[in-house]
Amino acid sequence: MRVLLKTVAWIIGTVTILVAAVFLYLRNADLNAYEGLIEAFLSDAIGLQVDFDGRFELRFARTTTVSAENIRLFNASLGDNSQVLQIQSFDIAIDTWSLVNRPVVIESVSIGGADVTLSRDARGRANWETAGQTKTPAEDGWEGEPPNLNAVVFRRAELDSIEFTLEDPNRAGPVRATVQILTIIPGSDGLLEVDLDGIVGDYPVRAEGSVGPLAGLVSGTDIHADLRATMGLMQLSVSGMVAAVRDLEDLSLEVSAEGPEVGHFIDAFALPPFAEGAFAVNGRVTPNAVGNAVVVEGNIGSIQLSIDGTVDALLAPEEVSLNYAISGPESAYIAGLFGVEDATRAAFNVSGGFATDGERIELTDVDIALGRSRLEADGWLQPGDGMPEFDMQIQGNGPNLAVFDPFIDIDGIPAAPYEISGRFMREGDAWLFENLAASIGDINIGANGRVDGPGSPENRISLNIAGPDLSALRQISGIEELPASPFEVTGE
């Protein structure tokens, strides 16, 4: 939506300046003579190619009108899927006297028929981003401000038949939406009153409320909103403000969504089928000393969730501290949502604490249950090149250790009953095993001690590994030559 808003704002600002410059000399004008100059200016300002393919004219009277047809916005660096926006008809009416007796009064803006297509290909390239772009946000016209909209008094805007398409290879299919009619008029406190009828997927949409101001919507800064919407039988409300949309900074926002069938939402937005049934979710983000306090709670079908804590930034966070509890009847659905394949269809429960400073990850009272298989963990890990460093106290038991395989991506985990407990640590070259005891099927493992590396006087470990069939360790060890025979290794 912001692509359309920003393009329209630049066109309005440019047209207003152009009209003010020529109205003393012309009464009616065919602006096609200036088409190339206007296209070049807008293309440079927006960062994407602008093309006026149809009628483009100016008419002076008490109310000055500018009309244009078939305005296209496309990414010249891409191929066939480069078009981002096409507006079939665009009309703006300006109080002529206000051009010399400021502020400029825009009586109406009308857009009839438009197609907005946002696509991302398999290589991750988006059609609204220009390849090889080197300008900083401050230098780039697309990220900067259009002509000062605070010097403009806006009366009314009406948009009809606006088609939106989102294409992303990570979704099940394209997401399609239509704005059948959108009316915008000035409201209180500089905000805009909006009234919308449309369609998302196969579901009718109705929305109303206030949002703005206009300059904030275009620049993506200091936006306030109080909106209510329905999609089919689903209801959504959003209230609060955001200081910077691009980085989601300084949010103070409350969101609630509910409906009788979450599958309708999943279908409309081409998401993996991770749940079904009624849903009701409430979320709240407020600024705090760290960055943002976050609370999310409710249910999505039979999935129950509760998340609360703090994050320093909502996009690309570094400092995070969250407590969470998520449970439901089908772990495979949730796994599919995050791209994990072949997960076991079993009831799940995940809870605990997660914290990071951008380097070390702290896990507190983590409890993961998939069906009757369970793992608990406390400790820390620090990712790096190669194997991470860690210090973990773990315990768990259950009928099938292999149910965790799709989530931790270790080949060869046996599909066997298991029981495990103890502490294990890796820090630098040092390995520590403290009362580590595990049984996986018929294989028993015990370890106690420390290994600091070759020749270290601190090296001392007692080890006991035994089982009826050594070949059971072929896949997880990667050693195909292990014989199918009983084995026992003990020593210190």
Side-chain angles (χ1 to χ4, degrees), residues 1-3 81 116-128 163-179 196 198-207 227-238 245 248 253 255-285 294-307 314-317 322 324-350 370 406-407:
M1 188 68 176
R2 192 174 163 226
V3 172
N81 296 324
V116 180
T117 302
L118 303 179
S119 64
R120 191 181 293 277
D121 63 19
R123 295 165 57 186
R125 297 180 305 172
N127 68 337
W128 65 90
E163 304 285 343
F164 291 88
T165 303
L166 173 62
E167 298 172 342
D168 191 318
N170 295 320
R171 294 181 183 265
V175 179
R176 304 188 190 280
T178 301
V179 174
L196 177 146
I199 299 172
V200 175
D202 297 324
Y203 304 98
V205 172
R206 178 89 179 97
L227 299 170
R228 299 159 300 284
T230 61
M231 188 175 82
L233 298 177
M234 295 173 279
Q235 300 182 39
L236 172 71
S237 68
V238 179
V245 171
L248 292 183
L253 202 64
V255 179
S256 67
E258 61 180 77
E261 178 51 67
V262 69
H264 298 166
F265 181 87
I266 291 171
D267 291 342
F269 292 96
L271 298 173
F274 63 92
E276 58 185 19
F279 69 97
V281 178
N282 297 296
R284 183 173 67 254
V285 180
V294 178
V295 177
V296 179
E297 54 189 5
N299 73 285
I300 303 174
S302 52
I303 298 172
Q304 303 289 327
L305 70 157
S306 175
I307 301 170
L314 295 178
L315 298 180
L322 295 174
Y324 54 89
I326 306 172
S327 63
E330 282 284 359
S331 58
Y333 282 163
I334 290 293
L337 185 63
F338 293 98
V340 177
E341 299 179 353
D342 302 322
T344 302
R345 298 174 67 92
F348 70 94
N349 185 83
V350 180
L370 296 176
F407 299 93

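In this text the structure is predicted, and so the values were computed from the model without any measurement.
For the 3.5 Å distance criterion, the side chains of Ser256 and Ser237 qualify, holding a donor opposite an acceptor. Side chains of Glu163 and Thr178: a donor-acceptor N/O pair is present below 3.5 angstrom, by distance only.
Scanning both residues, Gly173 and Ala270, for their nearest heavy atoms gives O-CB, 3.3 Å. Of all heavy-atom pairs between Ile266 and Ala275, the closest is CD1-O, 3.5 Å.
Proximity of Ile326 to Ile303: side-chain heavy atoms (C-beta onward) are separated by under 4.5 Å at one or more points. At least one side-chain heavy atom of Ile307 sits under 4.5 Å from a side-chain heavy atom of Leu322. Considering only heavy atoms from C-beta on, Ile300 comes within 4.5 Å of Leu305 through its side chain. In this structure the side chain of Val281 reaches within 4.5 angstrom of the side chain of Val296, judged on heavy atoms. A 4.5 Å side-chain heavy-atom check between Leu314 and Val285 finds at least one atom pair inside the cut-off. Residues Val179 and Leu196 meet the side-chain proximity criterion, which asks for heavy atoms closer than 4.5 Å. No side-chain heavy atom of Arg284 sits less than 4.5 Å from a side-chain heavy atom of Val294. Residues Val200 and Phe269 are in side-chain contact: their nearest non-hydrogen atoms beyond the backbone lie under 4.5 Å apart.
The closest donor-acceptor contact from the side chain of Asn349 to the backbone of Gly328 lies at 3.5 Å or more, if one exists at all. Under the 3.5 Å distance criterion, the side-chain polar atoms of Gln304 are left unmatched by any main-chain donor or acceptor of Ser327. Here the side chain of Asn299 pairs a donor or acceptor atom with the backbone of Ala278 at under 3.5 angstrom.
The OG1 atom of Thr230 sits 9.5 Å away from the CG atom of Leu236 when rounded to the nearest 0.5 Å. To the nearest 0.5 Å, atom CG of residue Leu233 and atom NE2 of residue His264 are 7.5 Å apart. Between Tyr203 atom OH and Phe265 atom CZ the span is 11.5 Å, to the nearest 0.5 Å. Within the model, atoms CE of Met231 and CG of Asp202 stand 10.0 Å from one another, a figure rounded to the nearest 0.5 Å.
By the 6.0 Å contact criterion, CZ on Arg120 is enclosed, its count of non-hydrogen atoms from other residues, nucleotides or ligands being greater than 12.
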- [ ] Mind running side-chain contact (heavy atoms from CB on, under 4.5 Å) on Leu253 and Val238 for me, showing each step along the way?
- [x] CA-CA 7 Å; Leu253 202 64; Val238 179; 3.9 Å; yes
Task: Pair Met234-Val262, side-chain contact (heavy atoms from CB on, under 4.5 Å): steps then yes or no - done: CA-CA 9 Å; Met234 295 173 279; Val262 69; over 6 Å; no
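Evaluation of the side chain to side chain donor-acceptor pair (under 3.5 Å) rule for Ser306 yields no partner, not counting sequence neighbours. Under the rule for a side chain to side chain donor-acceptor pair (under 3.5 Å), the partners of Arg206 that lie at least two apart in sequence or sit in another chain are Asp195.
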